[in-house]
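Here is the structure we will look at, set down as structure tokens.
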Number of protein chains: 2
Amino acid sequence: MTVASKTVSDVIHSHFGVLTRAEKQLAESLLDNYPVSGLGSITTIAENAGVSTPTVVRMVQKLGFKGYPDFQAHLHQEVEATISNPIAKHDRWASNAPGTHILNRFADAIIDNLRQTLTGLDTATFDSVATLLSDRKRNLYFVGGRITGALAEYFFTHMQVIRPNTALLSANSSSWPQYVLNMNPGDLLIIFDIRRYEQELVSLATAAKNSGAEIIIFTDQWASPATKLARHTFRVQIEAPSAWDSSVVTLFIVEALIEAVQNSTWDETKERMKTLEGLFEQTRLFRKLG
Amino acid sequence: MTVASKTVSDVIHSHFGVLTRAEKQLAESLLDNYPVSGLGSITTIAENAGVSTPTVVRMVQKLGFKGYPDFQAHLHQEVEATISNPIAKHDRWASNAPGTHILNRFADAIIDNLRQTLTGLDTATFDSVATLLSDRKRNLYFVGGRITGALAEYFFTHMQVIRPNTALLSANSSSWPQYVLNMNPGDLLIIFDIRRYEQELVSLATAAKNSGAEIIIFTDQWASPATKLARHTFRVQIEAPSAWDSSVVTLFIVEALIEAVQNSTWDETKERMKTLEGLFEQTRLFRKLG
DNA sequence: CGCACACTGAAAAAATCTTTTCATGACAGT
DNA sequence: ACTGTCATGAAAAGATTTTTTCAGTGTGCG
């Protein structure tokens with residue numbers, strides 16, 4: 001196909017000589033603010049150029065396109081190419097791996113997840129959550145499902161070092177009521193609920209909310225039903241070339257939050273970490289002596 | 001106009017919670033490769049998303065647009081804005097964030113870690129480990145440190161579904177000897193040991209090796225001392241703009257391994273997952289009856 | 001001046017796109 | 001099990017866009 005390799009702009013330029021007066025006028029209009037000016041309907045661009053619609057049809061056919069829709073399809077492709085993903089998706093990852101190795105496919109998927117998640121993530125939300133988590137007066141409760149429990153634990157372990165008043169709810173829901181019993185207004189319940197949303201988590205969230213607790217949810221693009229109860233929601237892209245979902249991006253956000261919280265109260269945290277160091281030392285000593 | 005100031009993407013995200021299944025599907029399709037995917041006719045985008053055209057109309061109206069043409073006009077404006085502003089192209093991460101937001105700095109760091117880790121990772125090692133983990137005759141033992149315990153748990157939880165003979169060693173080292181006692185030659189001990197290498201893990205690894213177990217280690221670029229005892233080592237880049245190390249890439253490798261193992265024995269795994277589904281169902285039933 | 005030819009846009013026709021209507025099916029609550 | 005509600009897409013109706021037709025206009029040339 002002669003048209004395929006060249007840009008529409010090239011085609012217009014190369015045909016400029018054979019264009020009639022009205023067509024030239026149209027071409028000028030198209031080239032001005034190219035390629036966006038060609039995005040609308042034939043009626044629109046005809047009006048913008050001050051020519052009739054038949055003129056548009058005649059010109060695009062003269063340029064070698066089948067008709068206006070064909071012309072526009074080419075333009076769309078160009079727009080896509082112009083806007084397309086700036087993160088070099090096919091950057092040589094593991095250089096000694098064949099392109100289809102699972103590691104590479106996974107890497108592509110994760111990058112894509114990361115990009116999409118970040119695009120859809122409001123930094124204001126992130127900052128608000130970080131501020132809430134930094135408030136030491138609020139008790140923090142972490143809970144996850146069967147798979148996401150490990151993420152809840154990871155988050156909890158770090159926050160426990162950084163600040164007081166943190167708790168990890170076990171995966172077993174039978175112990176949850178006791179925690180809810182102790183929740184005060186302003187406390188935070190951080191829920192991880194992905195894919196197979198667990199009905200019990202909705203119940204937990206409802207109960208917590210009734211106690212005045214605020215709810216923060218990490219969920220997937222399809223959104224857990226508990227989302228309705230949440231003050232803040234992180235919608236994470238979890239697609240992976242696998243039968244399982246990917247938690248990589250969720251972990252990414254968790255780590256970023258950890259840093260944000262820690263950073264906002266660094267002096268205090270530093271003290272706590274020193275103390276913790278000392279405690280570890282003592283434990284080790286105990287063992288040696290014992 | 002309320003819609004005018006926000007991007008279409010924002011509007012979609014903010015309404016995501018109230019969208020129905022088909023609408024979410026459509027929203028996903030639109031957001032994927034946004035905003036180019038919304039350039040075509042309503043028929044085209046409905047087809048691409050696998051929904052009907054009425055669904056498209058209903059959704060855009062739900063989002064606050066007057067109709068599809070109105071929706072598309074907004075999209076065109078955005079495309080125009082994006083194209084005419086080349087700087088916007090370069091930070092399509094969290095597009096509403098200043099370049100120095102922690103999320104962006106973290107994203108950069110993670111991408112870098114991923115790239116470096118994959119460059120230094122031999123796919124042959126990966127494949128060998130996947131093969132070892134797929135061998136159901138070998139018992140699998142997972143163990144992690146204080147922070148990495150969650151990763152060990154995550155790995156364990158998945159492998160437990162995929163295959164029999166898996167065990168998670170608690171963070172508390174006092175129970176370890178019993179596990180070692182039961183290790184047979186050929187069994188696998190998967191160790192997560194990052195940064196503050198825990199001396200006890202070396203002891204564990206030594207004991208396990210004496211029992212004939214093979215050792216697989218996830219560690220950082222400085223390498224845990226237990227590495228010497230390992231048959232296979234994953235050296236992961238863990239740098240982050242934070243006081244803490246990042247486990248994101250480690251999790252990435254874990255997930256890729258999960259998929260590789262699962263994939264190598266899919267038929268068997270599928271059966272197991274079905275059975276598990278049934279068991280969950282029963283548990284739920286028990287609860288309702290009880 | 002008259003004729004031939006090409007250019008152009010109004011208007012009609014054809015094609016396509018957009019919206020509305022409506023029947024169906026799924027599902028939650030009683 | 002029954003009922004009402006909601007989501008969904010097929011199909012019809014409506015609106016718009018695209019293409020074609022065709023008549024009017026202008027220009028060049030004998």
Side-chain angles (χ1 to χ4, degrees), chain A residues 8 12 15-30 37-76 196-203 205-206 221-229, chain B residues 8 12 15-30 37-76 281 284-285 287-288:
Chain A
V8 174
I12 294 177
H15 286 70
F16 207 86
V18 300
L19 297 183
T20 66
R21 195 214 84 236
E23 286 168 352
K24 280 181 180 161
Q25 191 177 326
L26 170 61
E28 289 293 348
S29 169
L30 245 26
S37 42
L39 249 37
S41 71
I42 195 172
T43 321
T44 314
I45 70 160
E47 265 174 23
N48 285 345
V51 301
S52 66
T53 56
T55 301
V56 180
V57 174
R58 281 189 290 261
M59 190 187 79
V60 300
Q61 286 175 349
K62 199 185 269 185
L63 295 181
F65 300 96
K66 219 184 140 201
Y68 185 73
D70 183 35
F71 169 79
Q72 204 170 42
H74 282 262
L75 225 39
H76 282 174
R196 331 260 144 155
Y197 311 113
E198 307 189 23
Q199 187 55 41
E200 290 164 332
L201 283 174
V202 177
S203 312
T206 310
Q221 60 259 53
W222 301 284
S224 153
T227 303
K228 294 190 205 54
L229 301 163
Chain B
V8 174
I12 293 177
H15 285 71
F16 206 90
V18 301
L19 297 183
T20 65
R21 180 193 55 76
E23 286 168 352
K24 280 181 182 167
Q25 192 176 325
L26 169 62
E28 282 303 325
S29 167
L30 245 26
S37 42
L39 250 36
S41 73
I42 194 172
T43 320
T44 315
I45 71 159
E47 263 173 26
N48 286 345
V51 301
S52 64
T53 55
T55 299
V56 180
V57 175
R58 280 189 290 259
M59 190 187 79
V60 299
Q61 286 176 348
K62 200 185 265 186
L63 294 181
F65 300 96
K66 223 186 137 198
Y68 185 73
D70 183 35
F71 169 79
Q72 201 169 44
H74 281 263
L75 225 39
H76 282 172
E281 201 52 49
R284 219 168 290 153
L285 218 57
R287 255 178 228 152
K288 268 184 192 159

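In what follows, every heavy atom counts, from backbone to side chain, and hydrogens, waters and symmetry copies are set aside. Lettering of chains follows the sequences in order, A, B, ..., and the numbering in each one begins at 1.
- Distance Asp70(B) CG to dT18(C) C1': 13 Å, rounded to the nearest Å.
- The outermost nucleotides of DNA chain D lying under 4.0 Å from heavy atoms of chain A, listed 5' to 3', are dT17(D) to dT20(D).
- The CG atom of Leu229(A) sits 10.0 Å away from atom OG of Ser203(A), with the distance rounded to the nearest 0.5 Å.
- Remark: the backbone N or O of Val51(A) is not paired with any side-chain donor or acceptor of Gln25(A) at under 3.5 angstrom.
- The stretch residues 45-57 of chain A touches DNA chain D through Thr53(A), Pro54(A), Val57(A), each having a heavy atom within less than 4.0 Å of the strand.
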Under 3.5 Å, which donor-acceptor pairs link side chains of residues 40-47 of chain A to any protein atom two or more places apart or in another chain?
unit_1: Ser41(A); atom_1: OG; unit_2: Thr43(A); atom_2: N; d: 3.4
unit_1: Ser41(A); atom_1: OG; unit_2: Thr44(A); atom_2: N; d: 3.2
unit_1: Ser41(A); atom_1: OG; unit_2: Thr44(A); atom_2: OG1; d: 2.9

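- No side-chain heavy atom of Asp70(B) sits less than 4.5 Å from a side-chain heavy atom of Val60(B).
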field: side chain to side chain contact (heavy atoms under 4.5 Å, CB included) evaluation trace for Thr53(B) with Tyr68(B)
entry: CA-CA 10 Å; Thr53(B) 55; Tyr68(B) 185 73; over 6 Å; no

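- Using a 4.0 Å heavy-atom cutoff across all strands shown, Arg58(B) reaches at least one base atom of the nucleic acid.
- For Gln61(B), the side-chain contact (heavy atoms from CB on, under 4.5 Å) partners at least two apart in sequence or on another chain are Val57(B).
- Surrounding NZ of Lys24(A) are more than 12 heavy atoms belonging to other residues, nucleotides or ligands, all under 6.0 Å away.
- Per the geometry, OH belonging to Tyr68(B) stands 18 Å off C1' belonging to dT20(C), to the nearest Å.
- Between dT20(C) and Gln61(B), a contact under 4.0 Å exists linking OP1 or OP2 to a side-chain N or O.
- Counting to the nearest Å, the P atom of dC17(C) and the CD1 atom of Ile42(B) are 10 Å from each other.
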Polar pairs (N or O, both sides) under 3.5 Å between protein and nucleotides 26-30 of chain C?
none

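- Qualifying salt bridge (charged side-chain N to carboxylate O under 4.0 Å, His left out) partners for Lys62(A), counting only residues two or more places apart in sequence or in other chains: Glu23(A).
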Chi angles and distances behind the side chain to side chain contact (heavy atoms under 4.5 Å, CB included) call for Leu30(A), Met59(A): CA-CA 12 Å; Leu30(A) 245 26; Met59(A) 190 187 79; 3.9 Å; yes

- request: Check the pair Phe71(A) / Val56(A) against side chain to side chain contact (heavy atoms under 4.5 Å, CB included), numbers first and verdict last.
  value: CA-CA 10 Å; Phe71(A) 169 79; Val56(A) 180; over 6 Å; no

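- Remark: the backbone N or O of Val202(A) is paired with a side-chain donor or acceptor of Thr206(A) at under 3.5 angstrom.
- In this model, the phosphate group of dC17(C) is approached by a side-chain N or O of Ser41(B) to a distance below 4.0 Å at OP1 or OP2.
- Atom C1' of nucleotide dC17(C) and atom CZ of Phe71(B) are separated by 16 Å, given to the nearest angstrom.
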